[in-house]
Amino acid sequence: MGYVVPSVFSMFPDDPATVNEGSGSAAILGSRLVPLDIFKGARLEAFTTFLVKQPFISILHLVAGGKVSTVSPSATAVHPSWRRASHHIVLASGWETNTTFALRNQIRSGLTQVTQSFAALVPGFGAYTNEADINEPKWSETFWGSNYPRLVSIKRNIDPFGIFTCYHCVGYQD
């Protein structure tokens, strides 16, 4: 059984426009897909050491199994490593609204460095674009892998004038 909320405003005891309780926060993420064997033997030791020593929040998502691993890596747009991954691991951080821009940039840079160290533990594995480091240096390889050239070709055919674009999306640099 569910509960029907009569209005979003009924969830706030006061006028939501006047409440300043941190209804949101600035967050940055970095991530990688990882294979099951990262949880075994020497790879487990290296991975555990990495997780313990890195300064960010770690979130582990189980993504393996089912039909996803039986689809051809070139049948969809996602990075082919989605077919071999057992987990999607996110590193997260953020800051308060009064954090200086210098410190924000330091946090961003730190996340990128740590995410790249993480990537070295899982060579050939990509990241989920919606929960990846916005400053990912190898973004087209990390987000789409070997599918990227095919996706650029499709994009140029469907959107020859580059109307539909976003930062680090397919065709972003065209």
Side-chain angles (χ1 to χ4, degrees), residues 8 11-12 16-39 43-64 68 73 76-148 151-152 155 162-174:
V8 68
M11 296 186 294
F12 297 92
T18 64
V19 176
N20 187 9
E21 295 180 354
S23 59
S25 64
I28 57 169
L29 306 173
S31 70
R32 278 298 183 275
L33 297 162
V34 301
L36 185 59
D37 70 0
I38 201 164
F39 297 99
R43 288 192 82 185
L44 175 60
E45 187 174 334
F47 177 60
T48 304
T49 300
F50 167 78
L51 284 180
V52 169
K53 290 186 175 184
Q54 62 88 22
F56 301 106
I57 297 167
S58 302
I59 307 164
L60 283 70
H61 300 279
L62 179 64
V63 296
V68 70
T76 67
V78 299
H79 194 286
S81 63
W82 275 102
R83 307 294 172 232
R84 305 182 330 261
S86 67
H87 289 75
H88 168 240
I89 300 177
V90 178
L91 307 176
S93 189
W95 50 78
E96 300 295 324
T97 56
N98 63 350
T99 302
T100 65
F101 286 111
L103 183 53
R104 292 176 192 197
N105 288 335
Q106 186 178 0
I107 295 167
R108 286 184 189 107
S109 176
L111 180 77
T112 297
Q113 289 175 338
V114 170
T115 301
Q116 294 308 300
S117 296
F118 184 20
L121 294 174
V122 287
F125 277 76
Y128 172 42
T129 57
N130 289 345
E131 295 180 349
D133 180 9
I134 193 168
N135 296 310
E136 173 63 47
K138 301 174 189 169
W139 60 272
S140 62
E141 177 185 326
T142 301
F143 301 159
W144 293 283
S146 59
N147 290 325
Y148 190 72
L151 296 172
V152 168
K155 167 89 163 78
I163 295 171
F164 303 105
T165 188
C166 65
Y167 188 69
H168 287 176
C169 289
V170 171
Y172 163 72
Q173 291 180 314
D174 290 349

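These numbers were taken from a predicted model, which means no experiment stands behind them.
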When you measure from the side chain of [X] to the backbone N and O of [Y], does any donor-acceptor pair fall under 3.5 Å?
X	Y	result
Ser31	Glu131	yes
Tyr172	Ser140	no
Thr49	Glu45	yes
Lys155	Gly162	no
Thr99	Glu96	yes

If you look at every heavy atom in [X] and [Y], which pair is closest and at what distance?
X	Y	answer
Trp144	Ala77	CD1-O, 2.9 Å
Pro35	Ser86	C-OG, 3.4 Å
Ser81	Leu33	OG-CD1, 3.4 Å
Ser146	Pro80	OG-CG, 3.5 Å
Trp95	Ala26	NE1-CB, 3.2 Å
Ile59	Ala92	CD1-CB, 4.5 Å

So with a 6.0 Å cut-off around [atom1] of [X], is the heavy-atom count from everything else above 12?
X	atom1	answer
Ile134	CD1	no
Tyr167	OH	yes
Leu103	CG	yes
Phe39	CZ	yes

Six-ring centre of Phe47, Arg43 cation under 6.0 angstrom, axis tolerance 45°: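 No; the conditions do not both hold, so Arg43 does not lie above the ring face of Phe47.
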
side-chain contact (heavy atoms from CB on, under 4.5 Å) evaluation trace for Leu29 with Leu91: CA-CA 6 Å; Leu29 306 173; Leu91 307 176; over 6 Å; no

Worked verdict on Thr115 versus Asp133 for side chain to side chain donor-acceptor pair (under 3.5 Å): CA-CA 8 Å; Thr115 301; Asp133 180 9; 4.6 Å; no

Aromatic plane relationship, Phe50 with Phe118 - under 30° parallel, 30 to 60° tilted, over 60° perpendicular: parallel

Determine whether [X] and [Y] make a side-chain contact, defined as any pair of heavy atoms from C-beta on separated by less than 4.5 Å.
X	Y	result
Thr76	Arg83	yes
Asn135	Arg108	yes
Tyr128	Phe143	no

Short side-chain donor-acceptor distance under 3.5 Å, Thr142 and His79: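 No, no side-chain donor-acceptor contact under 3.5 Å.
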
Ion pair check, Arg32 and Glu136, cut-off under 4.0 Å: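 Yes, this pair counts.
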
Any chance you could measure [X], atom [atom1], to [Y], atom [atom2], to the nearest 0.5 Å?
X	Y	atom1	atom2	answer
Ile107	Thr112	CD1	OG1	12.0 Å
Arg84	Leu36	CZ	CG	13.0 Å
Gln106	Phe101	CD	CZ	15.0 Å

